Enquirer: 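Take a look at the following structure, please.
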Amino acid sequence: MAEPGNDTLVEHWKDEPAPLLPLLHAFHERDGYLSEEALRAVSRGLRIPIADLFGTVTFYHHFSRDAAGLDRPRVCNGPVCSMRGAEVLLASLRAAGHDPMTMPCPGRCDEPVPVIHRGTVLTGRTAGTLVSGPSPLPPVPPDGVEECVFAGIRAPGRPTLAGYRSQGGYEALEQAVTGMTPAEVVDVIDASGLAGRGGAGFPTGRKWRAVADAPGEPKTIVCNADEGEPGCFKDRVLMDHDPHGTIEGMALAAYATGAVRGFIYLRYEYPETCDILEGAIAAAAAAGLLGDGILGTDFRFDLMVRRGAGAYICGEETSLLNSLEGGHPFPRNRPPFPVTHGYENLPTVVNNVETLASAPPILVHGAEWYRGLGRADHAGTKVISLSGDIARPGNYEVPIGLPLRELLHGWAGGPPGGRAVQAVTMAGLSGGFLAGADLDVTLDEPSIRSKGSFLGAGGIMVFDDSRDMIRVTRESMEFFAEESCGKCFPCRIGTQRLVERLEGQGPRAVDAWVDEVVDLNEVMKKTSACGLGQAAPLLTESLIRYFPDRVRAHVEKG
Amino acid sequence: MKRNGTPSTNGKGVQLTMTLDGEKVAFTRGETVYEVAERHQKEIPTLCYDPRLEPFGGCRLCIVELEGARNPVASCTMKAEPGMRVRTRTAALEVQRRILMEMVASENRDTDVDPMHGYASQEMAELLDRYDARTGRFEGALSGESRPDDDNPFIKRDYENCISCYRCVRVCAEQEGDYAISVMNRGFHTQITTEFGGLLKDSACTFCGQCIQTCPTGALGDLKALANKDVPGETETTRTICPYCGVGCTVDVMTRGEKIVGVLPAMDGPANEGALCVKGQFAFDFVGHPDRLATPFIREEKSGQLRPASWDEALDFAAGKLRKVVKDHGRRAIYGIASGRAPHEAAYMMQRFIRAGLGTNHIDNCSRA
Ligand SMILES: Cc1cc2nc3c(=O)[nH]c(=O)nc-3n(C[C@H](O)[C@H](O)[C@H](O)COP(=O)(O)O)c2cc1C
Ligand code: SF4
Ligand code: SF4
Ligand code: SF4
Ligand code: FES
Ligand code: FES
């Protein structure tokens, strides 16, 4: 079959919602890169000034502007994989005649080292042993622990519509659209205490109510499946093995808020997940669970997947919205917030995958049930992605309030080889490190925030006592420097200066070094325009707090 | 340009107020905290701000403390709300601003540039002074790649002095509507670019020069004015109107002694609000150009050759010919066109001459084109 021409591709997408990213992907996949001719065709077709389009394309890590750039294997050099032989894998790919490039963590930290090659995720340690396969299912929790989002995920056939329905799937939606008012659905979510699982922890019921109450139509539900935080791979397992859970959650959010369209903004690094989601959406639509007249009512909801192209900041909700709209993905200034001025400046729910996937079980079992899943006063559960120096890495759905050490040692077997935990990261990388006595926290925001960190999206990377914490911090800071969008001064310059200081540049006396680094930390935390720049300095702050001797040795080594 | 109207009310006749550094002040709905503070002479520092553009929120120098907010907020993007309590100049804010200035100075090759670069080119240097920023702190890589290969005669693209405030990109889009330049890459590697990184002449740029005039560091420079940077004497500016066309842009012409050394757009010009086009901005060097005619010439009827003449002779010659045309064909046979390159006073005289002197309304100016 002949390749589709430029005009065919442009015609196909130009009147679709949020057309820029899919159209660019279509050209990228057809040609193996984004040529000047392709960009000029897109610019004309979508009426985007060519200079803007060019600048925006260069923002995304995975769009290649060089011929055959798509052929280059992309190898994770994230904090886990860099300890697990990313360099060896790169060298072996080179030896095998490839021209590999590195990429930040693609969310497969439980199976290092991942490589993305032409739309397939492979894992392995050398070029010759790379294999593709489904992402790992979550390990079975200890006896007596009740799960919410993972409760049915290990059942065979769960990803199919029939399998999902055989376990009671879409009953929550049916119950809602046939027997509840939208406000009643919001009330249940509100009463459950469910808070955002994407990082910021905003109460979900309040968000839905704000969108329901906001003037302006049409309203939109955006599922944030960008999962760009290194050390986080929980949304992937939810979408790969239980796609209908997220879809049903989005439909519930739509019913509760009066939204009629939805997007799943899926990170580029999850190509197989894209196929799974699109298959599940088609199956749900065919069964009358999406589209017009859902379940025989006049409720209507259209759902589409849009793929990112490699930019961590596009997980920040306002940057995500700009990316969806085809603009330059700088975060927006807030207020106004997406609940009133979201996609196309209209009321929009942006929720994380895990948040949305929690809604159906909450509706079926009730708010009280969900609240009761947490320990002590804490409501509900949180999926923790655990990786690094740990015997059983993977996704664990823990009761909120579980002691960290219980998860590390009791559930996941502690560090292998009889080593001790030197430090763990929190919130993927964004929470910086916890170490020493602070490892006694419980897994809930108040406890972790009291140590100057936060739980966030729930990625925890473990570093045993053999690891060089300066190197870990430097590589982690390189991630933030690489991903800083460049909009605001403190983050754009600060991440770079911190990397340089962790590389051994900057003052050679420890007091002067610390003085500069503390100033950078403080100004970034206080004045950065978004969460990236506010969080990045937690790495250096906690490094100085827990490892002052390592800092001294690093600065004074000459 | 945003104009601040009279303070508005909440619809029930109660004036909207907020507290600014302990003082209750009135504001108009839609005003930003920065705009309110400006009206009260708070002199909040800014680098990414241009009152003509949508607020951007990049430089973070305009931060203020807002009661109830965890972190300082950017006053340029924050709309004033009734009951807000804002502090514009606490010790903590001043320290943060100083560090921000030290950070931004650390990425540039020069922080002290010739004012002939452009209207806003001293903004960064002035703030470095005001905050007594310690140079040499946060030493590290410099950002931005200059484009000495761009040999256009108007705009110097010296991005080694760029601080990624994107005022140039925004003015090009929002004021000029050209969308000729944009931001490529991200983080520390952001770079102002045209489509595919090419030269300005191959882009949608119309060389209006607005990017130059909003650039706060001199990363963009007015090459026509910079050519005169060593002309001796103090720079004087004279407010006038661009003669080239009917828009009537207000300009401040810079002179040193007898020489025009550059043109600055008037930010308060009612027709242009700081905008100019390539002619008004750059086309002034004909005034002192060595190729300019220094005496009148008369074209010899037989040979068709031009020969120098005295003013008296030339004027008599012209008067004679004009009289003959009027006599043979009537006064309406004459049509006068004044040059856009002549001073306004000359254009006025020409118009009087045609109307009052010859008695016809057939008078025009090339600037109507
Ligand atoms: C730099 C940055 C990256 C983020 N990345 C993600 C992400 O990948 N996925 C996500 O759900 N939220 C991410 N967030 C949080 C979102 O901005 C937003 O709070 C969230 O999607 C809201 O959904 P929730 O309330 O269900 O958590 C990120 C925030 C920041 C500042
Ligand atoms: S904090 Fe960083 S990522 Fe966020 S807006 Fe500023 S530069 Fe961009
Ligand atoms: S060239 Fe000047 S105006 Fe443009 S971004 Fe750089 S510093 Fe700002
Ligand atoms: S010629 Fe250009 S600068 Fe002069 S008045 Fe007209 S538009 Fe303005
Ligand atoms: S997959 Fe390599 S660090 Fe996450
Ligand atoms: S002036 Fe407000 S952030 Fe730059």
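Please read these numbers as outputs of a predicted model, since none were measured by experiment. Here is how names work: the chains are called A, B, and so on, in the same order as the sequence lines, proteins then strands, and each is numbered from 1.
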Enquirer: Say whether, by atom type as modelled, one donor and one acceptor occur between the side chain of B/N161 and the main chain of B/A219 under 3.5 angstrom.
Expert: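 No, the answer is negative, given that no donor and acceptor are paired below the 3.5 Å cut-off.
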Enquirer: Just checking A/Y312 against A/F479, ring centres under 6.0 Å apart?
Expert: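 Yes, the ring of A/Y312 comes within the 6.0 Å limit of the ring of A/F479, centre to centre.
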Enquirer: Examine distances only and state if a side-chain atom of B/Q122 and a backbone atom of B/V113 form a donor-acceptor pair shorter than 3.5 Å.
Expert: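 Between the backbone of B/V113 and the side chain of B/Q122 there is a qualifying donor-acceptor contact (under 3.5 Å).
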Enquirer: Need one label for A/T527: side chain, backbone, both or neither, based on atoms under 4.5 Å from any heavy atom in chain B.
Expert: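 Contact with chain B is through both the backbone and side chain of A/T527.
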Enquirer: Would you mind telling me which of B/L47, B/T77, B/T190 has the largest number of heavy-atom pairs within less than 4.5 Å of chain A?
Expert: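 Max contact count across the listed options: B/T77.
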Enquirer: Chain A heavy atoms under 4.5 Å from B/A74: which part of the residue, side chain, backbone, both or neither?
Expert: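 Neither part; nothing is under 4.5 Å.
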Enquirer: Pick one of side chain, backbone, both or neither for A/E516, based on which atoms fall under 4.5 Å of a heavy atom in chain B.
Expert: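 Contact with chain B: backbone and side chain both.
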Enquirer: Return the option, out of B/S164, B/G198, B/G57, with the maximum number of heavy-atom pairs under 4.5 Å with chain A.
Expert: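 Ranked by contacts with chain A, first place is B/S164.
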Enquirer: For A/E500 versus B/A141, what's the shortest heavy-atom pair and its separation?
Expert: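 For A/E500 and B/A141, the tightest heavy-atom pair comes out as OE2-N, 2.9 Å.
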Enquirer: Less than 4.5 Å to any heavy atom of chain B: does that hold for the side chain of A/A311, its backbone, both, or neither?
Expert: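 For A/A311, the contact with chain B is made by backbone and side chain together.
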Enquirer: Among B/Q191, B/Q96, B/R137, which residue has the highest count of heavy-atom pairs closer than 4.5 Å to chain A?
Expert: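 Result: the option with the highest number of such pairs is B/R137.
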Enquirer: Checking heavy atoms, do the side chain of A/E36, its backbone, both or neither come under 4.5 Å from chain B?
Expert: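 For A/E36, heavy atoms of backbone and side chain both lie under 4.5 Å from chain B.
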Enquirer: Specify which of B/R60, B/E102, B/M184 makes the most heavy-atom pairs with chain A at under 4.5 Å.
Expert: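 Going by pairs under 4.5 Å, I would pick B/R60.
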Enquirer: Name the region of A/S528, side chain, backbone, both or neither, that has any atom closer than 4.5 Å to a heavy atom of chain B.
Expert: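 Just its backbone gets close to chain B.
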Enquirer: Select one option (side chain, backbone, both, neither) describing which atoms of B/I63 are under 4.5 Å from chain A's heavy atoms.
Expert: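 B/I63 touches chain A through side-chain heavy atoms alone.
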Enquirer: For A/L53, is it the side chain, the backbone, both, or neither that has a heavy atom closer than 4.5 Å to a heavy atom of chain B?
Expert: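 Neither the backbone nor the side chain of A/L53 comes within 4.5 Å of chain B.
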Enquirer: Could you tell me how the ring of B/F207 sits relative to the ring of B/F154: parallel (under 30°), tilted (30 to 60°) or perpendicular (over 60°)?
Expert: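 B/F207 vs B/F154 ring planes: tilted.
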Enquirer: Less than 4.5 Å to any heavy atom of chain B: does that hold for the side chain of A/D52, its backbone, both, or neither?
Expert: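 Interface part for A/D52: both.
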Enquirer: For the candidates B/P72, B/S203, B/S143, which exhibits the highest count of non-hydrogen atom pairs separated by less than 4.5 Å from chain A?
Expert: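 Highest number of heavy-atom pairs under 4.5 Å: B/P72.
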Enquirer: Between B/D150 and B/L200, is there a donor-acceptor pair closer than 3.5 Å when you use the side chain of the first and the backbone of the second?
Expert: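 Present.
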Enquirer: For chain B, find which of A/C488, A/G494, A/P336, A/P331 contributes the most heavy-atom pairs closer than 4.5 angstrom.
Expert: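 Top option by heavy-atom pairs under 4.5 Å: A/C488.
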Enquirer: Look only at the side chain of A/T495 and the backbone of A/C491, and say whether a donor-acceptor pair between them is shorter than 3.5 Å.
Expert: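 A pair under 3.5 Å: yes.
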Enquirer: Just how far is it from atom CG of A/N345 to atom CD of A/E325, taken to the nearest 0.5 Å?
Expert: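 Answer rounded to 0.5 Å: 7.0 Å.
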Enquirer: Taking A/T340 for its side chain and A/A214 for its backbone only, find out whether a donor-acceptor pair lies under 3.5 Å.
Expert: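 It does not hold such a pair.
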Enquirer: Counting only non-hydrogen atoms closer than 4.5 Å, does B/A204 touch chain A with its backbone (N, CA, C, O), its side chain (CB onward), both, or neither?
Expert: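 The answer is neither part of B/A204.
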Enquirer: Is a side-chain N or O of B/S146 found less than 3.5 angstrom from the main chain of B/P148, in a donor-acceptor match?
Expert: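 Absent.
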Enquirer: Under 4.5 Å heavy-atom distance to chain A, tell me which part of B/S106 shows up: side chain, backbone, both or neither.
Expert: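 Both parts, heavy atoms under 4.5 Å.
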Enquirer: Looking only at heavy atoms and a cut-off of under 4.5 Å, which of A/Q505, A/E522, A/E482 has the most pairs with chain B?
Expert: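 Answer, by heavy-atom pair count under 4.5 Å with chain B: A/E482.
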Enquirer: Quick check for you: among A/T56, A/I313, A/V57, A/V523, which has the greatest number of heavy-atom pairs under 4.5 Å with chain B?
Expert: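 Of the candidates given, the most pairs with chain B belong to A/V523.
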Enquirer: Relative to chain A, which segment of B/I163 carries a heavy atom at a distance below 4.5 Å: side chain, backbone, both, or neither?
Expert: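 Contact with chain A: backbone and side chain both.
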Enquirer: Is A/F489 in contact with chain B via its backbone, its side chain, both, or neither, using a 4.5 Å heavy-atom distance?
Expert: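 It is both, since atoms from each part get that close.
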Enquirer: Give me the ring orientation class for A/F330 and B/F56: parallel if the planes are under 30° apart, tilted from 30 to 60°, perpendicular past 60°.
Expert: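 It falls in the perpendicular class, over 60°.
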Enquirer: With B/R186 as the cation and A/F59 as the aromatic partner, state whether NZ or CZ is under 6.0 Å from the six-membered ring centre and within 45° of the axis.
Expert: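 Yes, a cation-pi geometry.
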Enquirer: Tell me, with the steps shown, if A/R40 and A/E37 meet salt bridge (charged side-chain N to carboxylate O under 4.0 Å, His left out).
Expert: CA-CA 5 Å; A/R40 290 197 187 277; A/E37 183 202 319; over 6 Å; no
Enquirer: Give the member of A/Q496, A/R497, A/K525 that has the highest number of heavy-atom pairs under 4.5 Å with chain B.
Expert: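 Of the candidates given, the most pairs with chain B belong to A/R497.
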Enquirer: Let me know if A/E483 has heavy atoms under 4.5 Å from chain B in its side chain, its backbone, both or neither.
Expert: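 Backbone plus side chain of A/E483, per the 4.5 Å heavy-atom cut-off to chain B.
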Enquirer: Give, as side chain, backbone, both or neither, the part of B/T194 having an atom under 4.5 angstrom from any heavy atom of chain A.
Expert: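 Only the backbone of B/T194 comes within 4.5 Å of chain A.
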Enquirer: If I measure from the heavy atoms of chain A, does B/C48 come under 4.5 Å with its side chain, its backbone, both, or neither?
Expert: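 Answer is neither: B/C48 stays 4.5 Å or more from chain A.
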Enquirer: Between B/R98 and B/E94, is the closest basic N to carboxylate O distance under 4.0 Å?
Expert: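 Answer for the salt bridge query: no.
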Enquirer: Go through it in stages, so that I can follow the logic: the residues are B/R170 and B/D50, the test is salt bridge (charged side-chain N to carboxylate O under 4.0 Å, His left out), and I'd like the CA-CA distance, side-chain angles, deciding distance and then a yes or no.
Expert: CA-CA 10 Å; B/R170 291 180 286 132; B/D50 178 327; over 6 Å; no
Enquirer: Considering only NZ, NE, NH1 and NH2 on the basic side and carboxylate oxygens on the acidic side, decide whether A/E445 and A/R449 come within less than 4.0 Å.
Expert: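 A salt bridge is present here (some side-chain N lies under 4.0 Å from a carboxylate O).
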Enquirer: With chain B, which of A/P49, A/P507, A/G55, A/A51 has the greatest number of heavy-atom pairs at distances under 4.5 Å?
Expert: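 Answer, by heavy-atom pair count under 4.5 Å with chain B: A/A51.
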Enquirer: Could you look at A/R65 and say if it's the side chain, the backbone, both or neither that has a heavy atom under 4.5 Å from chain B?
Expert: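 A/R65 touches chain B through side-chain heavy atoms alone.
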Enquirer: Let's test your reading of the structure: which of B/A92, B/G197, B/A173, B/S182 forms the most heavy-atom pairs below 4.5 Å with chain A?
Expert: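 Most pairs with chain A among the choices: B/S182.
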